[in-house]
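Worth knowing before you read on, the calculation uses all heavy atoms, side chains too, and leaves out hydrogens, waters and symmetry mates. Please read these numbers as outputs of a predicted model, since none were measured by experiment. We count ligands from 1, going down the list as the structure has it; atoms in each ligand are counted the same way.
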Amino acid sequence: MAFKNILACALLSLASLVVAQDRSTAQVKAAFDNANIPANAEITFNPSVVLEVTFPQASARPVAVHAGIHLPRNQTVGPPQFAVLGDIERTQRFVVATVDLDAPTPQAPTAAQIRHFLGSDFVRGANEELLKELVNTTAPVSGWLQPTPPAGSDAHRYVFLLFHQPAGFDQQTLVTPSTSISNFNISSFAEATHLGNPIGGTFILVAPDATA
Ligand SMILES: *[C@@H]1O[C@H](CO)[C@@H](O)[C@H](O)[C@H]1NC(C)=O
Ligand SMILES: *[C@@H]1O[C@H](CO)[C@@H](O)[C@H](O)[C@H]1NC(C)=O
Ligand SMILES: *[C@@H]1O[C@H](CO)[C@@H](O)[C@H](O)[C@H]1NC(C)=O
């Protein structure tokens, strides 16, 4: 029956998606530590859930991220989609932030952090899968900005962090859609807005487009 085939396909693609991604918080924490992300972002990173990030593609299958994956820039058009492996409540709201720690270069990150995304009011989608999709119920404060490391730079680390959303977060005025995206500090922002430590995260490495 056709329906069975569709179901089999859906299960297969979910399985391959999960395989391509991280499956344990220990794996992600090790990747963050190896890449010096907690020190450089001045955050405490002891994830309790796995944050899965997926980039939709115009004419190919979505690209699944695992912590530390190198992505060609043209796969990062986005906006990315988010899901969580782990226990999260239906009533809980989440904030997702993405920062570039290496602008303009990892050797001299004088403009870092650059804010590439800041969105709140993510909630669990309707699905009952192991991988729980997150859907935003409001527009992002800082919409997704595709990585564009400058020519000649080494690859940059783009770090995604998932936070529990505290009551009143949407009233914060430190970051608005018109706030400069440069010289952002996720650590001080989290402190000022009572986000606490991130409960999950991942990161991608993106190098500049090759110059002809
Ligand atoms: C994306 O960029 C890579 C080089 O980084 C290139 O090989 C590939 O063909 C590009 N893909 C698309 C769909 O443009
Ligand atoms: C969710 O975010 C996307 C962009 O990331 C935006 O286009 C969409 O309007 C947002 N949804 C709601 C309900 O605001
Ligand atoms: C970022 O904020 C943290 C916490 O407030 C602070 O300790 C740190 O010095 C700040 N980093 C920079 C580069 O300003």
Side-chain angles (χ1 to χ4, degrees), residues 36-45 51 53-63 65 69-83 93-126 133-163 165 169-170 172 174-177 179-198 204-212:
N36 264 327
I37 289 170
N40 294 163
E42 298 162 286
I43 53 165
T44 300
F45 189 68
L51 174 67
V53 175
T54 308
F55 284 94
Q57 304 297 311
S59 52
R61 292 187 48 192
V63 171
V65 166
I69 191 176
H70 277 270
L71 289 184
R73 204 181 80 84
N74 59 12
Q75 290 187 346
T76 62
V77 174
Q81 293 170 343
F82 306 111
R93 285 174 182 261
F94 300 91
V95 172
V96 178
T98 309
V99 293
D100 174 1
L101 297 182
D102 298 318
T105 66
Q107 291 78 9
T110 49
Q113 300 154 13
I114 306 278
R115 192 173 61 254
H116 278 254
F117 183 79
L118 180 65
S120 60
D121 300 311
F122 281 89
V123 295
R124 268 187 68 174
E133 60 176 339
L134 292 180
V135 293
N136 57 307
T137 56
T138 57
V141 181
S142 264
W144 174 250
L145 177 70
Q146 184 182 11
T148 311
S153 172
D154 289 339
H156 290 199
R157 296 165 296 171
Y158 298 86
V159 181
F160 294 81
L161 297 170
L162 177 71
F163 299 89
Q165 181 172 331
F169 178 82
D170 286 340
Q172 67 82 25
L174 280 175
V175 172
T176 69
T179 312
S180 166
I181 58 169
S182 300
N183 298 114
F184 182 57
N185 183 334
I186 189 62
S187 171
S188 63
F189 178 76
E191 201 173 295
T193 58
H194 310 291
L195 285 173
N197 294 325
I204 60 175
L205 294 165
V206 182
D209 282 329
T211 44

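- For the atom pair CZ (Arg93) and CG (Asp170), the distance works out to 7.5 Å, reported to the nearest 0.5 Å.
- For an aromatic pair to be called close, the ring centres must be under 6.0 Å apart, and Phe94 with Phe163 fails this.
- At the top of the distance list for atom 5 (O) of ligand 1, counting protein heavy atoms only, stands Pro72 CB, 4.1 Å.
- At least one N/O-N/O distance between Asn136 and ligand 2 falls below 3.5 Å.
- Less than 4.0 angstrom separates atom 9 (O) of ligand 2 from none of the non-hydrogen atoms of the protein.
- Proximity of Leu195 to Phe189: side-chain heavy atoms (C-beta onward) are separated by under 4.5 Å at one or more points.
- Taking a cut-off of under 4.0 Å to the non-hydrogen atoms of Thr137, the atoms of ligand 2 that pass are 13 (C).
- Counting the atoms of ligand 2 from 1 in the order shown, those under 4.0 Å from a heavy atom of Ala139 are 14 (O).
- Side-chain contact between Leu161 and Val96 is absent, with no heavy-atom pair separated by less than 4.5 Å.
- The aromatic rings of Phe55 and Phe160 stand perpendicular to each other, their planes meeting at an angle above 60°, with 30° marking the opposite boundary.
- Counting heavy atoms from C-beta outward, Arg124 and Glu133 have side chains that stay 4.5 Å or more apart.
- In terms of protein heavy-atom proximity, atom 12 (C) of ligand 3 is nearest to Asn185 ND2, 3.4 Å.
- Those atoms of ligand 3 with a heavy atom of Glu42 less than 4.0 angstrom away are 1 (C), 8 (C), 9 (O), 10 (C), 11 (N).
- For atom 3 (C) of ligand 1, the closest non-hydrogen atom of the protein is Asn74 ND2, 3.7 Å.
- By the 30° and 60° cut-offs, the orientation of the rings of His116 relative to Tyr158 is perpendicular.
- Of the listed residues (Ala190, Ala192, Ser187), the one carrying the non-hydrogen atom nearest atom 4 (C) of ligand 3 is Ser187.
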